[in-house]
Every structure is written in C-alpha cells, then in structure tokens.
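First up is the structure itself, then whatever we jot down about it.
Scope of the values below: all heavy atoms of this structure, side chains included, with no hydrogens, waters or symmetry mates.
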Amino acid sequence: MTATARRGSAGLTDVRPGSPASVSQDGVGSAQLIHAVVGVGARPGVTAAEVLAAVDAVLPPGVRVTALATVDRRAAEPGVQAAADARGWRLVGLTVDRLAQVAVPTVSARVAAALGTPSVAEAAALAEGGELLVPKTVHGRVTVAVAAR
C-alpha cells in the first residue's frame, strides 16, 4: 500500500484512512489520535456486520475507538459482542437507570417508552464523560453516536 501525503505548515501529514499521525519535517511522528467511545442502540438480532457498518459510516478520521457501549440487554446480543471482538474494543453494558441519568442533546419518546430511558446511543457514548463528536445517527437497524474522551 502506498502512502498519500499532503504538505502542511508543520511538514508532511499522512492522509490515509485510519492513519492520523502527522510527521514533522525532522521525521519525528506525533500522534494526534482522539480516543472515543461509540454508543450503540440496535434492534434485537442485529449482526456484527450491521454494527460495524454503522460505526464505519460515521467515525471521523483520526478517531480511535476504545469502547463500544450500549444498554446491558444489547451488550448480551451475539452481534454486538462479535462487533466489539472483531475490532478489539472493550464492550460496556449499561443499565437503563444509568443511561437515563446522562444528559443528551437528542431524546426519543419511542426509546423512552420502550426502554425507560430517552436515549441509548448518545447516553452510552457519554456515560463516562466526554464530548459528543457525532450525534445519534441511524444506519439501518443500528443507531450510533461517538463521544471523545
């Protein structure tokens, strides 16, 4: 694979997808990774491929996922577990009560009626603190949100 580089004011910047490290003119690399948690809401029976496609569709360049977080009943789903395993992400299952305590910018009356919390994806992403990078985004049977740590 060949690297594509763009010259910036600080030297060369590697612009390959998934390679956010910059290289200064003296050749010393300086990682500029943003560590993030991806919050996931999903329909029962969702597959790992569906979860990963949803994450890949919204994940900004330069973001390194450290965990996949969701409501505890979805963390028990084989597809969600397989998605986390496939990427080596920590899987965090949160109770409905914990998710309901997290302030989120987008609430869902449907989710609140069904689960007892007005948010799963955004609340799961923000449960351990941080800043929302990607608000809840629906991708098929999966809803994802991304929060920086």
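Using a 4.5 Å cut-off between side-chain heavy atoms of Ile, Leu, Val, Met, Phe, Trp and Tyr, with links allowed through other members, Val104 and Val111 fall into different hydrophobic clusters. In the hydrophobic cluster analysis, where Ile, Leu, Val, Met, Phe, Trp and Tyr join through side-chain heavy atoms closer than 4.5 angstrom, Val142 is grouped apart from Val120. Residue Leu126 is not grouped with residue Leu115 when hydrophobic side chains (ILVMFWY) are merged at heavy-atom distances under 4.5 angstrom, including chains of intermediate members. Linking ILVMFWY residues whenever their side-chain heavy atoms come closer than 4.5 Å, directly or via other members, places Val144 and Val80 in the same cluster.
Of the possible donor and acceptor atoms, one in the side chain of Arg141 sits under 3.5 Å from a partner among the backbone N and O of Gly45. When atom types are taken as modelled, the side chain of Ser108 and the backbone of Pro118 share no donor-acceptor pair closer than 3.5 angstrom. A donor-acceptor contact shorter than 3.5 Å links the side chain of Glu122 to the backbone of Thr106. Remark: the backbone N or O of Pro135 is paired with a side-chain donor or acceptor of Thr137 at under 3.5 angstrom. In this structure, the side chain of Thr70 does not engage the main chain of Ala75 through any donor-acceptor pair within 3.5 Å.
Proximity of Pro60 to Val134: side-chain heavy atoms (C-beta onward) are separated by under 4.5 Å at one or more points. Contact check for Val51 versus Leu68: side-chain heavy atoms found under the 4.5 Å cut-off. Contact check for Arg74 versus Val46: no side-chain heavy atoms found under the 4.5 Å cut-off. Side-chain contact between Arg87 and Asp56 is present, with heavy atoms from C-beta onward closer than 4.5 Å.
Around the CD atom of Glu131, the shell of radius 6.0 Å holds no more than 12 heavy atoms that belong to other residues, nucleotides or ligands. More than 12 non-hydrogen atoms from other residues, nucleotides or ligands lie less than 6.0 angstrom from CZ of Arg149.
Looking at residues two or more places apart in sequence or on another chain, you find a side-chain contact (heavy atoms from CB on, under 4.5 Å) between Val65 and Val38, Leu59, Trp89. Residues satisfying the salt bridge (charged side-chain N to carboxylate O under 4.0 Å, His left out) criterion with Arg64, sequence neighbours excluded, are absent altogether.
The pair Glu128-Arg90 meets the salt-bridge criterion, with a side-chain N (NZ, NE, NH1 or NH2) lying under 4.0 Å from an Asp/Glu carboxylate O.
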